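Just so you know, ligand 1 is whichever comes first in the structure, and atom 1 is the first atom listed for that ligand. Fair warning: this is a prediction, and the values are worked out from it, not measured in the lab.
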Amino acid sequence: MTQRLVELRSDTFTRPTESMRLAMYGAEVGDDVWGEDPTAIRLERRAAELMGKEAGLFVSSGTQGNLVAVLSHTRPGQELIVGEQSHIIWYESGGAALIGGLQLRSISNPAGSFHLDQLRATIRVGAAHAAETGCVALENTHNRCGGAVLTTREVGDIADVSHDAGVPVHMDGARIFNAAIALDIPARELARPVDSITFCLSKALGAPVGSLLSGSEDYIERARTWRQRLGGGMRQVGVLAAAGLVALDENIQRLAEDHANARRLAEGLETIDGVALDASGVRSNIVIADVTGLGVPPAEIATRLRELGILLAPAGPNTLRAVTSYEVGAAGVDRAVSAMREVCANLVPVGA
Ligand SMILES: Cc1ncc(COP(=O)(O)O)c(C=O)c1O
């Protein structure tokens, strides 16, 4: 009997649940560009309430949400400060530079957060020859930093430094509910210090499509115009919003299981010679393992794992990434650890 594949490449692979599909089937809809889709309106209000903001906006993806968010805070020629490991700088195809005319300036953030002194020194306002800072963007949890969780204190301190200079703060909270569950606090506490926040419905929350941007009424009005300019007005979008509402109702609390499974995976991988990671540092659903010690490129290891039914993704020249979700239970995690042990036992290091 062939065993199911264990999908650990990303939580974006989650497939909609039966309750989402049923909700989509029955969704009440209207033309959202005319502001008449009742299900989209409900979802936007719900997002705003969960984030403790005045208004929300349904957008097609996390990438569109971040782009709309920063364009709505800035003017062309300004600078956007981001962490050098941020999703915005790595995986959003330079949209903020191309479409927003923004200069992206990155500061180091190996553990997710910024050093306040470095942030203070990087923000530039009021000099004619400088691209003045238009926005600071954070990420929580932090994807490329192994799902690192920024605390309310860290977010608050960064927001204070930015606000003292008159600069608004956006938070890419694609996985903000993972951060909230890891910290055992409501997500709105993490959103409180920032001016805008996006979160994704389509990652471990399991909806097929969509993200929400939240902020003040005025800000969301500007964002709605930017969404339209970017072709993000989606008409009977209630079909998608309905799945999003189910995701918020049913799938937030269960994220704790994904975190436990990620920790279980990390604890297993940590025991394999040549695989370097600190399982005690795994706080959410992302595990990044350094495989330099195996002497074989991560892509080669991923190919061998695939032959054993385990899907993991290379995350850099020396790292492999695994992301847990409801597609993977504890048994899948244990299979992944055994497969990794088997692959590693049979590897011939490059040049050996
Ligand atoms: C931190 C973070 N921000 C934004 C995104 C973009 O989301 P989407 O794939 O919906 O564009 C992702 C996607 O993985 C992400 O991990």
**Request:** Decide salt bridge (Lys or Arg N to Asp or Glu O under 4.0 Å) for Arg120 and Asp164; before the verdict, give the C-alpha distance in whole Å, the side-chain angles of both, and the deciding distance to 0.1 Å.
**Result:** CA-CA 10 Å; Arg120 243 180 240 111; Asp164 285 350; over 6 Å; no

**For Ser196, the option from Lys53, Met51, Met171, His73 that meets side-chain contact (heavy atoms from CB on, under 4.5 Å)** = His73

**Fill in**
Arg229 meets the salt bridge (Lys or Arg N to Asp or Glu O under 4.0 Å) criterion, sequence neighbours left out, with none

Side-chain donor-acceptor pairs of residues 99-106 under 3.5 Å, sequence neighbours excluded:
unit_1	atom_1	unit_2	atom_2	d
Gln103	NE2	Glu79	OE2	2.6
Arg105	NH1	Glu79	OE1	3.0
Arg105	NH1	Thr122	O	3.1

**Message:** With a 4.0 Å heavy-atom cut-off, what residues sit around ligand 1?
**Reply:** Ser61, Gly62, Thr63, Asn66, His87, Glu92, Glu139, Asn143, Asp172, Ala174, Arg175, Lys203

**Request:** Measure up the Phe177 and Phe199 rings against each other and bin them: parallel (under 30°), tilted (30 to 60°), perpendicular (over 60°).
**Result:** perpendicular

Under 3.5 Å, side-chain donor or acceptor atoms of residues 180-194 against the rest of the protein: list the pairs with distances, not counting sequence neighbours.
unit_1	atom_1	unit_2	atom_2	d
Arg188	NE	Glu49	O	3.3
Arg188	NH2	Glu49	O	3.0

